[in-house]
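Within every chain, numbering begins at 1; the chains are lettered A, B, ... in the order of the sequence lines, protein sequences first and strands thereafter.
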Amino acid sequence: MRLSHYLVPTIKEIPAEAESISHRLMLRAGLIKQLTSGAFSYLPLGWRVLRKIENIVREEMDAIGSQELYLPALHPLDLWIESGRASVMDEIMFKFQDHKGRWMCLGPTHEEVITDLARSFVHSYRDLPQQWYQIQIKFRDEVRPRGGLIRIRQFTMKDAYSLSTSQEDLNEWYLKNRQAYTNIFTRTGLRFYIVGAHSGAMGGSGSEEFMIPTPTGEDSIVVCDTCGYLANLEVATSKIEHHEKMDVPMENVSTPDRHTIEEVAGYLGVPEFDTMKSVIYMLVPEETPLLVLIRGDLEVSEAKLEIALKGHEYRPAHPDEIKEMSGAEPGFIGPVGLKRKDVRIIIDDSIPEGVPFISGANKDNFHTKGVTRGRDYDGESADLRLACEGDFCTHCDAPLRTERAIEVGHIFKLGTKYSESMGATYLDENNLEKPIIMGCYGIGIERIMAGAIEVNSDENGIIWPMSIAPFQVIVIPLDKRNEQIWSKAEEIYRRLWESGVEALIDDREASPGFKFKDADLFGIPIHIILGKRAIESGNAEVKVRKTGVRTDVSIESLLADPLKALPWLGDETLSRP
RNA sequence: CGGGGUGUAGCUCAGCCCGGUUUAGAGUGCUUGGUUCGGGACCAAGAGGUCGAGAGUUCGAAUCUCUCCACCCCGACCA
């Protein structure tokens, strides 16, 4: 392509609305243009990168025997009501009525449509296994889009769905996809972690996320540098130090108007870890209270709570419900002396038996000292604690650290959640009707682009890995008046395309510095610079963007065989982080 | 959804607190002419804005008040 007539609106100033590195550079290099919150136009340069990413994804999916198809983004809402997810996904779904008044929505994901397809066409165990995938636009009315392409309301996802007859077969597909993802993220030049994750609204048993470590990320992951343990913060396990067991009697103490842990600990002059926190929820649909107990200085992970409740729905309790359960205002709640007797109690491992804590007294303006599990109360045990920087690894006891990261891929063992609710079944060898066992596997295409920039840039701009660079080479002729320079540049440019190399030529009437700055900003891996010196010496200057190394290469050899003259084109290290 | 912030030329922003010397500005980009040509060149001339929208206060509003809208950031939430 010729830069003189190519839509690449570069900007020198740092755009005001952009905070993250990738967002700034995508705007500055003319890759994207925001239309409205969470929706972007992809300009020619950016679109080329996205298509390259898609192609890598496609190759790796095809390689594991996954079949590409294409589903509609327009769904009847009925399908979502049938699966039971219309309510769960309600907040993020774009919904509207068609001209007949029928409720429709734009697909935030495609489990429902796939399951519908499966129940239409899969009838026998002989039809299985299958894996289907698509590269499709998803719509999610996110409450807060952010970070350029990190979280958007219209985005492209590769979503794949495996259909199996057994858990073993699902495991096999899961591992195949896991390997394909590893290949994809390696080929796209990303540094990534595979971390244990929470299944969330998708349901199902096991799941892992592929994470790109960068401060821009909106997820936190827990890392053990000693044994390599990795997990999403919401499900990460850790060890903490416990207090000594002691036998001290319970004693009520006055704590006027001290509601929070911080206030109570401060007022009583004790550290926060001597106190116990009571968090109250209501179980749905029973409308019975759930009391969660955790040490005062720690936080409950709602993801872990969901796991402990095995998917049982719950909601935060209202203040009047708390009062009815406990007899006291929120802030003075504890496990001993509750008014209601049907309270389900779940206790985090940070509250061991025999260790006294200070808890609410279930009496306004009072707390109780010496409240001891096993002696004064008890409940179900669970790990509900949000891990913290400095906690210890449950596998090797080394201290843990946390890191921010972008989620670019997520793989799930769904099981039979959708096949059961939507009746996607098959007949097995014994003529028994069985639900199909499903897995699902997603990749955010735009996030790969953003992530690649987050991981690979410098103060001058983007540094694309060769594999997803919009162009591999840019030819930069200097001094517009010098016809020799110009004609050589044109010749080289033509030879590059003839040899199958995607090349740009900067044929704009601009000063050398201007062209150099833009070439760096675009992040094209290889720059071929032609100035007066080149004509005099017969050598063009070849600069590698990633290393900054400049090498003289004879114009003659470039014209004879560009692929041979530019060994960097095949240099694998230029596609590695 | 809670908290914070922004909205003035294509872009980045000043002016607003303290209303009137501002005929709304700067830099950059754009147009024309000339010079320059290896790290965002220089000179000259020019085009370009209902100051986010509406209402109000006032002799007078970019500037004060109210309502609304849009966008960004932090948090909550989130395959």
Side-chain angles (χ1 to χ4, degrees), chain A residues 9-20 23-24 27-28 30 33-39 85 88-93 107-112 114 136 138-148 150-153 155 157-161 197-204 207-210 216 218-219 232 234 299 302-303 306 316 407-414 417-418 439-444 447 459-461 476-482 485-486 506 508-521 527 529-536 540-541 543 548 550:
Chain A
T10 56
I11 40 182
K12 216 185 290 183
E13 293 95 350
I14 295 171
E17 78 263 26
E19 202 85 355
S20 71
H23 191 192
R24 285 181 178 188
L27 287 170
R28 288 195 51 211
K33 163 85 170 73
Q34 182 165 346
L35 177 64
T36 182
S37 180
R85 279 210 298 181
V88 186
M89 303 289 251
D90 184 63
E91 285 169 17
I92 62 156
M93 272 207 278
T109 172
H110 281 78
E111 283 76 17
E112 278 74 4
I114 276 287
Q136 236 273 16
K138 311 286 184 202
F139 296 90
R140 295 185 187 180
D141 194 1
E142 296 288 352
V143 211
R144 184 154 108 77
R146 73 171 87 183
I150 301 299
R151 181 162 221 81
I152 48 187
R153 299 197 293 172
F155 63 100
M157 183 196 281
K158 185 288 298 178
D159 47 322
Y161 305 86
H198 177 53
S199 307
M202 298 301 299
S207 94
E208 287 171 298
E209 288 167 325
F210 290 72
T216 303
E218 41 178 15
D219 285 282
N232 192 311
E234 19 174 59
E299 295 295 328
E302 299 222 336
E306 269 181 48
E407 176 190 350
V408 287
H410 202 158
I411 53 179
F412 295 89
K413 293 178 187 172
L414 280 183
K417 172 174 170 156
Y418 297 93
C440 88
Y441 318 93
I443 285 181
R447 282 187 179 179
E459 64 281 4
N460 294 318
I476 308 173
L478 306 175
D479 199 344
K480 180 86 178 175
R481 298 167 312 181
N482 189 324
I485 292 176
W486 212 249
D506 194 345
R508 297 173 299 182
E509 285 191 57
S511 67
F514 188 91
K515 293 184 175 184
F516 294 147
K517 288 286 185 189
D518 262 2
D520 284 347
L521 181 58
H527 306 179
I529 301 160
L530 289 160
K532 212 182 295 170
R533 292 206 303 250
I535 298 304
E536 284 160 6
E541 185 174 292
K543 176 185 149 182
R550 295 152 190 272

Heteroatom pairs (N/O) under 3.5 angstrom, protein to nucleotides 25-30 of chain B:
unit_1: B:G27; atom_1: N2; unit_2: A:E13; atom_2: OE2; d: 3.1

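- Among the atoms of the strands shown, only primed sugar atoms or phosphate atoms (P, OP1, OP2) are found under 4.0 Å from some heavy atom of A:P145.
- With sequence neighbours left out, A:S20 forms a side-chain contact (heavy atoms from CB on, under 4.5 Å) with A:S22, A:H23, A:T216, A:E454.
- Remark: A:E111 does not engage A:K417 in a salt bridge, criterion side-chain N to carboxylate O under 4.0 Å.
- For A:K543, the side-chain contact (heavy atoms from CB on, under 4.5 Å) criterion is met by A:D520, A:H527, A:I529, A:R550, not counting sequence neighbours.
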Restricting both atoms to N or O, compile the protein contacts to nucleotides 35-37 of chain B shorter than 3.5 Å, with distance only.
unit_1: B:C37; atom_1: OP2; unit_2: A:R481; atom_2: NH2; d: 3.4
unit_1: B:C37; atom_1: O2'; unit_2: A:D479; atom_2: OD2; d: 3.4
unit_1: B:C37; atom_1: N4; unit_2: A:R481; atom_2: NE; d: 3.4

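- Residue-level contact check: A:K543 touches the bases, meaning some heavy atom is under 4.0 Å from a base atom.
- The ring-ring contact (aromatic ring centres under 6.0 Å, His included) test applied to A:H110 returns A:H75, not counting sequence neighbours.
- If you take atom P in B:C64 and the same atom in B:C16, they sit 9 Å apart, rounded to whole Å.
- For A:K515, there are no side chain to side chain donor-acceptor pair (under 3.5 Å) partners at least two apart in sequence or on another chain.
- Between A:R144 and the phosphate of B:A76, there is no side-chain N or O to OP1/OP2 separation shorter than 4.0 Å.
- For A:E208, the side chain to side chain donor-acceptor pair (under 3.5 Å) partners are A:Y174, A:R178, not counting sequence neighbours.
- One C1' atom belongs to B:G3, the other to B:U50, and the distance between them is 34 Å to the nearest Å.
- Listed by chain and number, the residues in a side-chain contact (heavy atoms from CB on, under 4.5 Å) with A:R144 are A:R146 (sequence neighbours excluded).
- Scored by the side-chain contact (heavy atoms from CB on, under 4.5 Å) test, A:L521 finds A:T10, A:L25, A:R28, A:A29, A:D518 as partners (sequence neighbours excluded).
- Atom P of B:C68 sits at a distance of 13 Å from the matching atom of B:G2, rounded to the whole Å.
- Residue A:Q34 is classed as a sugar-phosphate contact, given heavy-atom separations below 4.0 Å to backbone atoms only.
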